[in-house]
Amino acid sequence: MNSTLSTQLALFRVQHKRSFTYYEPNVGFKTNGFYWMDYSHWFNPSKVRKNDKSSELSPFISLFDNLADTQKRASFLRKRRERNMFIAQIVPTSEFNLYCLPIQFLNSRININSWIHSETKTLFFPTQKIESKFSINYSIIQRSEWLALFSIPTEIITQIIV
């Protein structure tokens, strides 16, 4: 794995009125699931293997690494009659650096390779990086899906597409 990830990467987020993540133009995206819990709570294999998305608030913000999959998700949400929807493009303004996110479980520790944005300290990783650690159900999680932890600041949100 490279120690840096090119800033050519663009990520996209679909946001709607009932999203678990909230958005404010002067702040960016923030999760409602910020708890003082170990990451092992959120990476519990039984939660990751669920056949439906949990309604429990989490520290993760879902993103896609291509606009086509993002538009498919937006279309799905429109069919569910979600309102006030938009797509945000996230393009980092500087290099990402490789970061190893350690997660301590009761009897073991795993490391998830991720990238941290050097200016904003925002942590990103593709779901494919956790595929080898958990049984990922790709009927509910797309291979192009990435996760960000806790927030995505406005500094790296480059475009809002309505």
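Keep in mind that this is a model prediction, so the values were computed, not measured.
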On a heavy-atom basis, the closest approach of Cys100 and Asn111 is SG-CB, 3.1 Å
Value for CH2 (Trp146) from CD (Gln128), rounded to nearest 0.5 Å, stands at 9.5 Å
Taken to the nearest 0.5 Å, the spacing of Asn97 CG from Ile116 CD1 works out to 8.0 Å
What one should report as the nearest heavy-atom pair of Arg18 and Arg80 is NH2-NH2, 3.8 Å
Residues Ser19 and Val14: closest non-hydrogen pair is OG-O, 4.4 Å
- prompt: Cluster question for you: counting only ILVMFWY and a side-chain heavy-atom cut-off of under 4.5 Å, with indirect links fine, are Ile87 and Ile156 together?
  reply: no
(message) Do Trp115 and Pro126 make a side-chain contact, defined as non-hydrogen atoms from C-beta onward lying under 4.5 Å apart?
(response) yes
Check your understanding: Is it true that Ile160 and Ile61 fall in one hydrophobic cluster, defined by side-chain heavy atoms closer than 4.5 Å?
Key -> yes
(Q) When you group the ILVMFWY residues by side-chain heavy-atom contacts below 4.5 Å and let the links chain together, are Leu98 and Phe124 in the same group? (A) yes
### Task
Compare all side-chain heavy atoms of Phe12 with those of Ile90 and state whether any distance is below 4.5 angstrom.
no
- Can you get from Leu147 to Phe64 by hopping between Ile, Leu, Val, Met, Phe, Trp and Tyr side chains that sit under 4.5 Å apart? no
For Arg78 and Met85 the tightest heavy-atom approach is CG-CE, 3.4 Å
Answer whether the closest heavy-atom distance between the side chains of Leu101 and Leu149 falls below 4.5 Å.
-> yes
What one should report as the nearest heavy-atom pair of Ile157 and Ala88 is CG2-CB, 4.2 Å
**Asked** With a 4.5 Å limit on heavy-atom distance, are the side chains of Ile103 and Phe105 in contact?
**Response** yes
In this structure, CG of Leu67 is separated from CG of Leu11 (nearest 0.5 Å) by 12.0 Å
inquiry  = For Phe86 and Phe29, take the angle between the two ring planes, folded into 0 to 90°, and tell me which bin it lands in: parallel under 30, tilted 30 to 60, perpendicular over 60.
reply    = parallel
Scanning both residues in full, the closest heavy-atom pair of Ser62 with Arg13 reads O-NH1, 3.0 Å
Between Phe20 and Leu77, is there shared hydrophobic-cluster membership here, with clusters defined by ILVMFWY side-chain heavy atoms closer than 4.5 Å? no
_Within the 4.5 Å heavy-atom criterion, are Lys79 and Ser75 side-chain neighbours or not?_
yes
dist Leu63:CG -> Arg73:CZ (nearest 0.5 Å) comes out at 10.5 Å
Q. Donor-acceptor pair, Ser108 side chain versus Gln104 backbone, under 3.5 Å?
A. no
Test item: Ser114 side-chain N/O and Tyr99 main-chain N/O as donor-acceptor pair under 3.5 Å
yes
